[in-house]
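Within every chain, numbering begins at 1; the chains are lettered A, B, ... in the order of the sequence lines, protein sequences first and strands thereafter.
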Amino acid sequence: MQRGTTHYAAPPWDGDVARARALQVELAAQVRLVDEHPPLPYVAGVDVGFEEDGAVTRAAAVLLDAQTMEPQAEVIARLPTRMPYIPGLLSFRELPAVLQALEQLPRTPDLVFVDGHGVAHPRGLGIAAHLGVVTGLPAIGVAKSILVGTHDAVGTRRGDRVPLMHQGRTIGWVLRSKDRIRPLIVSPGHRVSMETAPALVLAYCTRYRLPEPTRLADRLASRRGRDIKSRAP
DNA sequence: GCGACAG
DNA sequence: ATCTTGTCGC
């Protein structure tokens with residue numbers, strides 16, 4: 001960590017699925033779906049990839065100027081993978097590495113775009129909501145497919161959207177970020193309202209399906225982009 | 001009991 | 001998520 005004072009507590013994992021789910025319910029109660037993000041000087045995008053056949057979890061975080069969307073910093077954190085992928089418990093597997101990457105950024109972002117769901121989760125605590133609650137930072141979840149919920153047909157043009165419903169509640173949106181391209185599943189994670197989340201995501205979608213913060217982090221996390229700057233002694 | 005199931 | 005070339009389309 002280079003910022004020194006910031007150290008986020010990673011979620012615990014002892015193999016007890018029931019305990020993890022109980023913790024999710026507790027943390028979900030702390031989620032605030034109201035707009036509390038400041039005028040955005042800086043935004044960040046985070047995503048995770050794997051190396052060594054899954055033995056190593058690699059998280060990437062990219063800091064961008066909120067206005068120009070120009071990348072200000074790109075960092076990578078590597079940690080040994082300590083649990084398998086379990087639907088509904090993704091954050092317990094990926095958040096530890098993501099938090100370390102966030103700590104390596106030269107400054108704290110005012111909003112974080114996370115690859116995965118926000119409150120559009122069985123217990124209301126997708127990885128974006130989990131990240132938001134443990135860091136206190138405003139966060140939005142941007143997923144490529146649905147984990148839970150149903151929805152009506154969505155228009156085919158950029159900006160078209162329909163609510164993602166679950167147990168009679170709107171838990172997110174199915175948002176068309178690009179004409180004719182498979183829609184994104186957007187849900188607020190923390191300190192962002194259900195109404196604002198899709199507007200912010202759309203504002204950061206330029207010529208690609210994914211919003212810039214997430215797209216850049218995605219490129220760094222997976223092994224594409226010709227391994228720009230990594231290596232950690 | 002039988003599927004579904006973010007990444 | 002990851003294993004993988006070329007190919008169809010804006």
Visitor: Compare all side-chain heavy atoms of A:P122 with those of A:L147 and state whether any distance is below 4.5 angstrom.
Guide: yes
Visitor: Take the protein atom NE2 of A:H130 and the nucleotide atom P of B:dA6, then report the distance between them rounded to whole Å.
Guide: 18 Å
Visitor: For residues A:L164 and A:I185, determine if any side-chain heavy atom of one lies less than 4.5 Å from a side-chain heavy atom of the other.
Guide: yes
Visitor: Is A:D35 paired with A:R191 through a side-chain N to carboxylate O contact shorter than 4.0 Å?
Guide: no
Visitor: Tell me, what's DNA chain C's dot-bracket, Watson-Crick or G-U with both distances under 3.5 Å, | for other-strand, [ ] crossing?
Guide: ..........
Visitor: Just how far, in rounded Å, is C1' of B:dA4 from NE2 of A:H117?
Guide: 13 Å
Visitor: How does protein contact run along nucleotides 5-10 of chain C, one letter per nucleotide 5' to 3', with B for base contact, S for sugar-phosphate only, - for none, heavy atoms under 4.0 Å?
Guide: ------
Visitor: Is the phosphate of B:dG7 approached by A:S145 (side-chain N or O, under 4.0 Å from OP1 or OP2)?
Guide: yes
Visitor: Would you check if A:Y85 stacks with the base of C:dA1, given a 5.5 Å centroid limit and a 30° plane limit, both strict?
Guide: no
Visitor: Are A:D47 and A:R219 close enough for a salt bridge, meaning some N to O gap below 4.0 Å?
Guide: no
Visitor: Check step by step if side-chain contact (heavy atoms from CB on, under 4.5 Å) holds for A:I171 and A:V148.
Guide: CA-CA 9 Å; A:I171 60 173; A:V148 66; 4.1 Å; yes
Visitor: Please report, rounded to the nearest Å, how far the P atom of B:dG7 is from the CZ atom of A:F92.
Guide: 18 Å
Visitor: Taking side chain as C-beta onward, heavy atoms only, is A:R21 less than 4.5 Å from A:R123?
Guide: yes
Visitor: Strictly below 4.0 Å: does A:K144 bring a side-chain N or O up to OP1 or OP2 of B:dG7?
Guide: yes
Visitor: Report the C-alpha distance between A:D179 and A:R157 in whole Å, list the side-chain angles of each, state the deciding distance to 0.1 Å, and finish with yes or no for salt bridge (Lys or Arg N to Asp or Glu O under 4.0 Å).
Guide: CA-CA 4 Å; A:D179 288 4; A:R157 303 263 295 165; 3.1 Å; yes
Visitor: Just call it for A:D115: base, sugar-phosphate, or nothing, with non-hydrogen atoms closer than 4.0 Å on any strand.
Guide: sugar-phosphate
Visitor: So do A:F50 and A:R58 actually touch side chain to side chain, heavy atoms under 4.5 Å?
Guide: no
Visitor: For A:L125, answer base if it contacts any base atom (sugar-phosphate contacts may also be present), sugar-phosphate if it contacts only those atoms, and nothing otherwise; contact means non-hydrogen atoms under 4.0 Å.
Guide: nothing
Visitor: Rounded to the Å, how far apart are A:L131 CG and B:dG7 P?
Guide: 16 Å
Visitor: For a quick test of reading the model, state the closest non-hydrogen atom pair linking A:A101 to A:A61 and the distance between them.
Guide: CB-CB, 3.9 Å
Visitor: May I have the distance from A:D53 (atom CG) to B:dG7 (atom P), rounded to whole angstrom?
Guide: 20 Å
Visitor: Heavy atoms only, 4.0 Å cut-off, all strands: where does A:G54 land among base, sugar-phosphate and nothing?
Guide: nothing
Visitor: Base, sugar-phosphate, or nothing: which does A:G126 touch, judged by heavy atoms less than 4.0 Å apart?
Guide: base
Visitor: Using whole Å, what does the distance between atom P of nucleotide B:dA6 and atom CD1 of A:I185 come to?
Guide: 11 Å
Visitor: Could you state the atom-to-atom distance from CD of A:E94 to P of C:dA1 in whole Å?
Guide: 9 Å
Visitor: Tell me: CD1 of A:I86 to P of B:dA6, nearest whole Å?
Guide: 13 Å
Visitor: Mark yes when over 12 heavy atoms from residues, nucleotides or ligands other than A:E36 sit less than 6.0 Å from its CD; otherwise mark no.
Guide: yes
Visitor: For A:I146, report the nucleic acid contact type (base, sugar-phosphate, nothing); a contact means any heavy atom under 4.0 Å.
Guide: sugar-phosphate
